[in-house]
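Only one structure is covered here, and it is reproduced in the block below.
Heavy-atom basis, side chains included; hydrogens, waters and symmetry copies ignored.
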Amino acid sequence: MIKFDRLWETMKDRNISTYYLREKSGIDSKTIRRLKNNENIETKTLDKLCSVLRCRLEDIAEYISEE
């Protein structure tokens with residue numbers, strides 16, 4: 001399972017709101033909801049997030065084994 005807990009930590013560390021994220025990246029509120037619920041998103045969304053936050057993928061997402 002891919003979890004996005006690191007995204008919220010990175011945003012908090014950088015004092016970035018979901019409003020700023022939506023405005024600067026073009027990500028809609030439905031996608032924000034999907035991120036909060038750790039649901040599937042497209043890789044282009046991950047690219048947008050990394051670009052806006054100026055971070056690496058591992059700063060916003062983490063794979064958790066479901067064993």
Worked verdict on E62 versus K3 for salt bridge (charged side-chain N to carboxylate O under 4.0 Å, His left out): CA-CA 5 Å; E62 175 182 24; K3 296 193 81 168; over 6 Å; no
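- Residues R33 and K36 have side chains not in contact (no heavy-atom distance under 4.5 Å, counting atoms from C-beta outward).
- R34 contributes no side-chain N or O that, together with a main-chain N or O of I41, makes up a donor-acceptor pair within less than 3.5 Å.
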CA sep, side-chain torsions, deciding dist, call: I60, W8, side-chain contact (heavy atoms from CB on, under 4.5 Å): CA-CA 8 Å; I60 62 172; W8 314 115; over 6 Å; no
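- Under a cut-off of 6.0 angstrom, the local environment of CG in N37 is crowded, with over 12 non-hydrogen atoms contributed by other residues, nucleotides or ligands.
- Neither side chain, D13 nor T10, offers a donor N or O lying under 3.5 Å from an acceptor on the other.
- I64 and L7 fall into different hydrophobic clusters, where Ile, Leu, Val, Met, Phe, Trp and Tyr residues are linked whenever their side-chain heavy atoms come under 4.5 Å apart, directly or through other members.
- Every side-chain contact (heavy atoms from CB on, under 4.5 Å) that R22 has, sequence neighbours left out, goes to T18, Y19, S29, I32.
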Report all side-chain donor-acceptor pairs from residues 43-54 shorter than 3.5 Å, counting only partners two or more places apart or in another chain.
none

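- Interatomic distance, OG of S65 versus CE of M1, reported as 11.5 Å (0.5 Å rounding).
- Pairing each heavy atom of F4 with each of N38, the nearest pair is N-OD1, 2.7 Å.
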